[in-house]
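Both ligands and their constituent atoms are indexed starting at 1 by order of listing. Source: prediction; values computed, not measured.
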Amino acid sequence: VVATEIVPPFANTAVDGYAVRAADVAGADAEPVDRVVVGEIAAGAAPDREVGDGEAVRIMTGAPMPGGADAVVMVEDSERLGVGEDGVERVRLSASVPVGAAIRPAGDDVKVGDELFPVGTVVTPPVEGVLASVNAQNVEVYPRVTVAVLSTGDELIDDGSPLEMGQIRESNRTMLAGMLAESGCDVVDLGIVPDDEAELERVLRSAAEECDAIVSSGGVSMGDYDVVKAVLGRIADMTWMQMAIKPAKPFAFGTLTGSDGVPVPVFGLPGNPVSSLVSYELMARPALRQMMGHPDIDRLRLRAVTDVDLNRRPDGKTHFARVNGSFGDDGRYHVVPVGAQGSHQLAATASADAMVVLTDGDGASAGDEIDAILLR
Ligand code: AMP
Ligand code: MG
């Protein structure tokens with residue numbers, strides 16, 4: 001976005017006070033001077049008179065500077081004397097001010113031709129404010145991606161009814177819908193899909209018609225009822241993956257092409273809730289942000305110091321432990337694990353501020369520096 005207007009559009013006062021000629025009030029701090037009030041300008045009004053020596057114009061914050069005046073004396077440094085016997089209003093000014101005092105010059109914030117926002121700028125509320133300030137009513141943006149989210153599993157219910165043996169309450173899709181929204185995506189909730197290949201195929205195909213990406217949970221590991229794996233293997237162009245990470249080893253990525261011929265990326269996240277979260281963070285979120293033109297696709301990473309031993313065993317995998325973190329008096333980011341680290345224990349992970357990266361090996365000892373990925 002290149003500015004076609006200046007901001008502010010005219011020189012104006014930053015304070016309530018009196019517009020004067022600076023030279024005319026020199027020495028007023030030592031000995032106050034009385035000046036004739038020849039007018040008043042409120043914000044939104046146009047000046048209709050020049051200010052000369054011996055004169056002052058009462059002026060309100062944001063009002064345009066009158067011609068002739070080159071400084072403003074704050075109202076706090078003035079005293080109203082009222083209208084005298086000669087029918088003339090006067091003000092006593094008790095501060096001297098340099099030329100330009102309390103004046104905001106025209107174009108002080110934005111000049112015509114300024115490149116305000118390069119490609120990739122995230123349109124935050126302050127950016128929207130600036131766009132409004134320069135009358136940029138229509139700007140080109142990357143659209144949000146519309147993402148279908150679904151969970152799979154015959155065991156899942158979300159209708160509030162009492163649990164029967166074998167059933168659990170669905171949680172991933174609820175979580176992922178929120179995480180997608182937080183990532184800037186528009187979300188289409190496709191609900192719970194049973195472990196039924198025909199039904200899953202129908203849902204996935206219609207998702208590929210309507211959405212820019214698909215995020216599913218469950219059904220991508222090695223079990224007999226891992227139907228996501230089976231169906232996508234048949235109808236989509238899949239790159240099956242087993243990630244060398246813990247949690248979130250099972251993962252499926254590929255594309256499902258709709259009738260318009262556009263390949264729709266599919267992120268098959270694992271069903272264990274913590275795995276789903278970690279997998280979303282590491283795989284889906286950066287990709288979705290890239291699709292939306294974000295220059296920064298990754299979460300903030302920083303060097304953290306662990307306050308306790310973070311034990312693990314060599315297993316060929318990188319571990320992502322969920323931690324609480326806070327900045328200590330030493331200015332460093334101190335972390336401790338959230339407690340339960342099982343991939344099914346979402347309650348403990350829900351309070352995590354970050355994940356720390358434990359590379360393959362024996363873990364980290366208290367006081368060691370490790371990488372942390374901030375989750376918010
Ligand atoms: P799956 O990846 O389908 O083999 O599921 C792995 C584990 O995660 C199983 O214990 C599932 O019951 C559980 N699970 C799968 N999907 C969900 C979900 N949407 N909400 C909560 N738990 C789930
Ligand atoms: Mg399942």
Side-chain angles (χ1 to χ4, degrees), residues 147-183 185 187-204 207 211 213-236 238-254 256 266-285 288 317 319-320 322 338 340-352 375:
V147 184
V149 60
L150 59 114
S151 60
T152 65
D154 285 341
E155 73 276 33
L156 306 173
I157 65 164
D158 64 355
D159 62 1
S161 59
L163 292 171
E164 286 172 20
M165 180 47 69
Q167 290 185 328
I168 62 167
R169 302 201 190 277
E170 199 289 325
S171 58
N172 293 350
R173 169 181 128 257
T174 307
M175 170 180 75
L176 291 168
M179 293 174 79
L180 285 161
E182 188 257 28
S183 305
C185 305
V187 183
V188 175
D189 183 354
L190 298 182
I192 299 169
V193 181
D195 291 324
D196 175 89
E197 291 198 21
E199 175 63 3
L200 184 63
E201 175 171 349
R202 190 192 63 72
V203 171
L204 289 171
C211 298
I214 299 171
V215 170
S216 69
S217 111
V220 292
S221 42
M222 311 300 269
D224 284 351
Y225 294 89
D226 285 327
V227 291
V228 173
K229 202 168 173 166
V231 171
L232 287 175
R234 187 154 46 73
I235 68 173
M238 296 306 289
T239 306
W240 296 105
M241 297 184 219
Q242 297 272 302
M243 313 299 297
I245 61 176
K246 185 182 175 184
K249 183 176 84 155
F251 177 69
F253 177 76
L256 180 55
V266 183
F267 302 90
L269 311 183
N272 277 309
V274 176
S275 304
S276 234
L277 180 153
V278 170
S279 190
Y280 177 83
E281 284 290 337
L282 297 178
M283 313 296 162
R285 186 178 181 278
L288 294 168
K317 297 179 191 171
H319 291 197
F320 293 86
R322 281 79 59 211
V338 293
Q341 295 281 331
S343 63
H344 59 297
Q345 292 167 308
L346 186 62
T349 280
S351 71
L375 291 174

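When all heavy atoms of A207 and A148 are compared, the pair lying nearest together is CB-CB, 3.8 Å.
For atom 10 (O) of ligand 1, the closest non-hydrogen atom of the protein is N272 OD1, 4.1 Å. Atom 19 (N) of ligand 1 has its closest protein heavy atom at E170 OE2, 2.8 Å. Nearest protein heavy-atom neighbour of atom 9 (C) of ligand 1: E155 OE2, 4.1 Å.
Considering both main-chain and side-chain atoms, R169 never comes within under 3.5 Å of ligand 1 through any nitrogen or oxygen pair. Where the criterion is an N or O separation shorter than 3.5 Å, residue side chain and backbone included, L156 fails it with respect to ligand 1.
At least one heavy atom of S221 sits closer than 4.0 Å to an atom of ligand 1.
The line from CZ of R322 to CD of Q345 is 8.5 Å long, rounded to the nearest 0.5 Å.
Taking the side chain as every heavy atom from C-beta outward, V149 and N172 never approach each other to under 4.5 Å. Here the side chains of V266 and V228 are not in contact, with every heavy-atom distance at 4.5 Å or above. Taking 4.5 Å as the limit, some side-chain heavy atom of M179 sits within range of a side-chain heavy atom of E281.
For ligand 1, the atoms lying closer than 4.0 Å to a non-hydrogen atom of I168 are 12 (O), 21 (C), 22 (N), 23 (C). Atoms of ligand 1 found under 4.0 Å from any heavy atom of D226, numbered from 1 in the order shown, are 4 (O). The distance from ligand 1 to the heavy atoms of G218 drops below 4.0 Å at these ligand atoms: 2 (O), 3 (O). Less than 4.0 angstrom separates some heavy atom of S151 from each of these atoms of ligand 1: 19 (N).
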field: side chain to side chain contact (heavy atoms under 4.5 Å, CB included) between Q341 and K246, worked out
entry: CA-CA 10 Å; Q341 295 281 331; K246 185 182 175 184; over 6 Å; no
message: With side chain to side chain contact (heavy atoms under 4.5 Å, CB included) as the criterion, how do F320 and L282 come out once you've worked through the C-alpha distance, each side chain's angles and the decisive distance to 0.1 Å?
response: CA-CA 10 Å; F320 293 86; L282 297 178; 3.7 Å; yes
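Contacts between I192 and ligand 1, counted as non-hydrogen atom pairs separated by less than 4.0 Å, are absent for every part of the residue. At a 4.0 Å heavy-atom cut-off, ligand 1 touches S171 through backbone and side chain alike.
Here the side chain of T152 pairs a donor or acceptor atom with the backbone of S217 at under 3.5 angstrom. Checking side-chain atoms of D196 against main-chain N and O of E199 turns up a donor-acceptor pair under 3.5 Å. Distance alone, capped at 3.5 Å, places no donor-acceptor pair between the D195 side chain and the V227 backbone.
The option from L346, N172, V274 that lies nearest to atom 18 (C) of ligand 1, judged by heavy atoms, is N172. Checking P273, S276, G271 against atom 23 (C) of ligand 1, the nearest heavy atom belongs to G271. Across P270, G219, S217, heavy-atom proximity to atom 3 (O) of ligand 1 is greatest for G219.
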